[in-house]
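Residues take their numbers from the sequence shown, with the count starting at 1.
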Amino acid sequence: MRASMLLLGLVLLCPWPAFALSNAEYEAFSKESPAFAQAEEKLGAAWEAFSAAASREEFAAVLKEQREWIRKTRDSEAAGLVKSAKLSRAEAYARTAAERAGKLDAYTKTSLSRVNHKDVAGTYGGKKDYVTLTRRGAVYAVKIRTAGGGQGPDGWECNFEGEAALRDNVLSFTDPNFTVTISANGSVATVADLPNSEACGLRGTANGNFRR
């Protein structure tokens with residue numbers, strides 16, 4: 001839903017040629033046409049997956065293409081389907097959205113294939129202090145554990161778990177209380193921006209370098 005709203009936000013910024021899908025039609029088709037609603041949901045999910053997998057350069061290039069598709073290409077494709085395939089406007093826009101989702105999925109696969117995930121995934125550190133990165137589709141599950149201060153009142157333990165996309169060998173995600181940034185190159189994982197919090201206690205920290 002979040003990705004679909006993002007795409008709708010891009011739609012609302014665009015000027016409308018004669019055939020273009022109006023805001024009112026978009027809302028009506030979303031409610032009245034299951035095929036249109038499903039295609040838009042698929043498109044939103046495809047955009048979100050691509051956004052998570054793409055490098056900054058890839059994202060910028062495809063974002064420009066996506067805006068052009070929303071501004072002009074989508075309408076011309078839908079108009080062609082109405083004329084040649086005798087589809088209704090809702091059916092034409094549904095098919096156009098589904099085809100665009102397929103193209104975004106192809107971009108995602110290409111982007112993921114450029115990253116050697118086997119070099120990034122794994123455990124960095126030792127038995128006591130470590131960072132574990134586990135690939136789950138287009139994102140990584142992240143587990144961080146550190147401890148220090150001994151067994152007395154000064155002892156502390158940091159446990160953090162989250163999930164984030166890898167972009168340019170950097171994982172960045174926001175917890176309700178803090179932001180974590182992890183840079184990984186296959187041999188070292190560097191944790192930054194993890195302040196003292198409920199995850200680490202008042203004295204604990206997980207910031208630093210973890211080596212394989």
Side-chain angles (χ1 to χ4, degrees), residues 1-115 135-142 161-168 170-177 179:
M1 179 62 70
R2 179 169 59 86
S4 297
M5 292 304 294
L6 172 61
L7 291 172
L8 178 58
L10 292 175
V11 169
L12 297 176
L13 293 175
C14 298
W16 304 112
F19 188 86
L21 182 67
S22 68
N23 298 342
E25 277 188 311
Y26 184 94
E27 295 295 341
F29 292 165
S30 296
K31 295 176 181 178
E32 299 168 5
S33 171
F36 180 87
Q38 290 171 8
E40 285 295 307
E41 192 68 26
K42 182 178 179 181
L43 179 60
W47 177 256
E48 188 167 6
F50 170 75
S51 300
S55 68
R56 288 177 175 83
E57 293 76 13
E58 289 172 326
F59 180 79
V62 176
L63 176 61
K64 182 178 179 181
E65 180 183 295
Q66 185 72 7
R67 285 172 170 164
E68 180 65 13
W69 179 82
I70 292 173
R71 187 186 72 82
K72 184 178 179 181
T73 308
R74 176 183 61 170
D75 296 317
S76 64
E77 291 176 349
L81 289 170
V82 168
K83 183 177 181 179
S84 64
K86 308 302 181 183
L87 299 181
S88 69
R89 285 173 62 84
E91 290 171 334
Y93 277 105
R95 183 180 295 184
T96 301
E99 290 175 353
R100 180 61 183 172
K103 190 168 186 178
L104 290 174
D105 286 339
Y107 286 156
T108 299
K109 291 178 181 178
T110 299
S111 181
L112 289 173
S113 70
R114 293 174 182 167
V115 180
R135 173 128 182 253
R136 292 180 179 171
V139 299
Y140 279 85
V142 179
E161 294 188 31
E163 192 172 82
L166 179 72
R167 183 171 294 169
D168 296 338
V170 175
L171 295 136
S172 182
F173 49 99
T174 301
D175 178 271
N177 299 313
T179 298

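In this structure, the separation between CD on E99 and CG on L81 is 6.5 Å, given to the nearest 0.5 Å. Rounding to the nearest 0.5 Å places CG of L87 at 5.0 Å from CZ of R95.
In terms of heavy-atom proximity, R89 sits nearest to A20 at NH2-O, 3.4 Å. The heavy-atom pair separating A46 from D105 by the smallest distance is CB-OD1, 3.4 Å. Smallest separation of non-hydrogen atoms from K86 and K83: NZ-O, 3.4 Å. Among all heavy-atom pairs drawn from A37 and S30, the shortest one is CB-O, 3.5 Å. Taking each heavy atom of A92 and V82 in turn, the nearest pair found is CB-CG2, 3.7 Å. For A94 against A39, the heavy-atom pair with the smallest separation is O-CB, 3.2 Å.
Annotation: side chain to side chain contact (heavy atoms under 4.5 Å, CB included) contacts of E65 (sequence neighbours excluded): R100, K103, Y107. Shown here are the side chain to side chain contact (heavy atoms under 4.5 Å, CB included) partners of A61, two or more places apart in sequence or in another chain: there are none. Residues passing the side chain to side chain contact (heavy atoms under 4.5 Å, CB included) test with E68 are R71, K72, T73, sequence neighbours excluded. Scanning for side chain to side chain contact (heavy atoms under 4.5 Å, CB included) contacts around A90 gives F29, S33, S88, with sequence neighbours left out.
Of the candidates E40, E32, Q38, E40 is the only one forming a side-chain contact (heavy atoms from CB on, under 4.5 Å) with F36.
L104 places a side-chain heavy atom less than 4.5 Å from the side chain of Q66.
The ring pair (Phe, Tyr, Trp, His ring centres under 6.0 Å) contacts involving residues 59-82 comprise W47-F59, where partners must be two or more places apart or lie in separate chains.
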